[in-house]
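Each remark here refers to the structure printed beneath this line.
As the structure is a computational prediction, the values presented were derived from the model and not from experiment.
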Amino acid sequence: MATVYYHDGVVIPTLTPKGPDDDEWFGFDFSLLDNDAITGSAWLINGVEVANPGDVVDGLVFGGKVNDTRKTRVRLSGGLLGNTYRITNRYSTTRIPTILRSFEFVIAKL
């Protein structure tokens, strides 16, 4: 099951630390208007777009993505102890061509 967050569109959420051995799903649940829907979604790790499972940025591994009309999710594993990662979802809806929303977490031994 994914850890899903609501994004207020203003503050970048800081999540609880992620362990370096954890393989987890993270994502957003967007409050879209009834006549709006997500039409596309891409993910960035520290500003670098990841598209293929196995892509690595600064030790964090992209494991894949899924989305539906209201939620987007990304699978992440690995990471270097002490590093803080900013994960950004670049998505589009039927009403807005490009929206960016991010969250951050640090890698810590749990």
Side-chain angles (χ1 to χ4, degrees):
M1 174 167 253
T3 303
V4 178
Y5 296 90
Y6 294 92
H7 199 294
D8 66 8
V10 178
V11 178
I12 296 173
T14 300
L15 310 186
T16 57
K18 178 192 162 312
D21 299 323
D22 295 346
D23 183 347
E24 298 182 51
W25 284 93
F26 300 90
F28 290 117
D29 185 345
F30 297 104
S31 298
L32 301 175
L33 299 174
D34 287 341
N35 60 348
D36 201 4
I38 294 171
T39 57
S41 174
W43 290 90
L44 297 88
I45 299 173
N46 292 343
V48 177
E49 186 170 346
V50 287
N52 301 305
D55 285 352
V56 179
V57 177
D58 300 330
L60 192 64
V61 181
F62 172 73
K65 66 175 186 157
V66 294
N67 66 272
D68 59 27
T69 60
R70 299 266 186 240
K71 296 177 184 146
T72 60
R73 292 181 178 84
V74 63
R75 183 177 169 194
L76 301 169
S77 63
L80 303 175
L81 281 175
N83 278 16
T84 297
Y85 294 92
R86 179 174 287 186
I87 311 304
T88 302
N89 184 209
R90 183 178 60 227
Y91 68 101
S92 56
T93 73
T94 52
R95 303 182 72 172
I96 302 172
T98 303
I99 305 165
L100 299 170
R101 295 291 182 262
S102 299
F103 60 84
E104 295 180 340
F105 57 75
V106 67
I107 302 297
K109 200 69 168 164
L110 304 174

Is the side chain of D22 donor-acceptor paired with the backbone N or O of E24 at a distance under 3.5 Å, no angle test?
no
Residue pairs passing the salt bridge (Lys or Arg N to Asp or Glu O under 4.0 Å) test where at least one lies in residues 32-48, sequence neighbours excluded:
none
Taking atom CG of L44 and atom CG of L100, what is their separation to the nearest 0.5 Å?
7.5 Å
Would you give the length of the straight line joining atom CG of L15 to atom CZ of F26, rounded to the nearest 0.5 angstrom?
6.5 Å
Once side-chain hydrogen bond (donor to acceptor under 3.5 Å, both in side chains) is applied, do any residues pair with T14, and if so which ones, sequence neighbours excluded?
none
Quick check: closest heavy atoms across G64 and P53, and the distance to 0.1 Å?
CA-CG, 4.4 Å
Taking salt bridge (Lys or Arg N to Asp or Glu O under 4.0 Å) as the test, write out the residues that go with R86, two or more places apart.
E104
Who passes side-chain hydrogen bond (donor to acceptor under 3.5 Å, both in side chains) against R90, sequence neighbours left out?
E49
For L76 and K18, the nearest pair of non-hydrogen atoms, with its separation, is O-CE, 3.8 Å
Of the non-hydrogen atoms in G78 and I107, which two are nearest, and what is the gap between them?
O-CD1, 3.7 Å
Is the distance between the ring centroids of F28 and Y91 under 6.0 Å?
no
Excluding sequence neighbours, so at least two apart, what forms side-chain contact (heavy atoms from CB on, under 4.5 Å) with T69?
A37
To the nearest 0.5 Å, what is the distance between CD1 on I87 and CD1 on I12?
11.5 Å
Test item: N52 side-chain N/O and D55 main-chain N/O as donor-acceptor pair under 3.5 Å:
no
Please check if any side-chain donor atom of S102 sits under 3.5 Å from a side-chain acceptor atom of T88, or the reverse.
yes
Results of side-chain contact (heavy atoms from CB on, under 4.5 Å) for V106 - residues two or more places apart only
P17, T84
Can you list the residues that meet the side-chain contact (heavy atoms from CB on, under 4.5 Å) rule with D21, with sequence neighbours excluded?
K109
Please report the shortest heavy-atom distance between N89 and A42, naming the atom on each side.
ND2-O, 3.0 Å
Starting at CG of L60, measure out to CD1 of I45 and round the result to the nearest 0.5 Å.
4.5 Å
Using the side-chain hydrogen bond (donor to acceptor under 3.5 Å, both in side chains) criterion, which residues pair with S77? Sequence neighbours excluded.
none
Are L81 and V61 joined in one hydrophobic group, where the rule is that I, L, V, M, F, W and Y side chains link up if heavy atoms are under 4.5 Å apart?
no
Distance in Å, N35 CG paired with T93 OG1, rounded so as to fall on 0.5 Å steps
9.5 Å
Could you state whether V56 and W25 fall into the same hydrophobic cluster, counting links through intermediate Ile, Leu, Val, Met, Phe, Trp or Tyr residues with side-chain heavy atoms under 4.5 angstrom apart?
no
Supply the atom-to-atom distance I99 CD1 to S92 OG, rounded to the nearest 0.5 angstrom.
8.0 Å
Side-chain ion pair, D23 and R75, N-O less than 4.0 Å
yes
Considering residues at least two apart in sequence or located in another chain, which fulfil the side-chain contact (heavy atoms from CB on, under 4.5 Å) criterion with K65?
W43, F62
Using the ring-ring contact (aromatic ring centres under 6.0 Å, His included) criterion, which residues pair with Y85? Sequence neighbours excluded.
none
Heavy-atom nearest pair, G59 first then L80, reads CA-CG, 4.1 Å
List the residues meeting side-chain hydrogen bond (donor to acceptor under 3.5 Å, both in side chains) with D58, not counting sequence neighbours, and say none if there are none.
N46
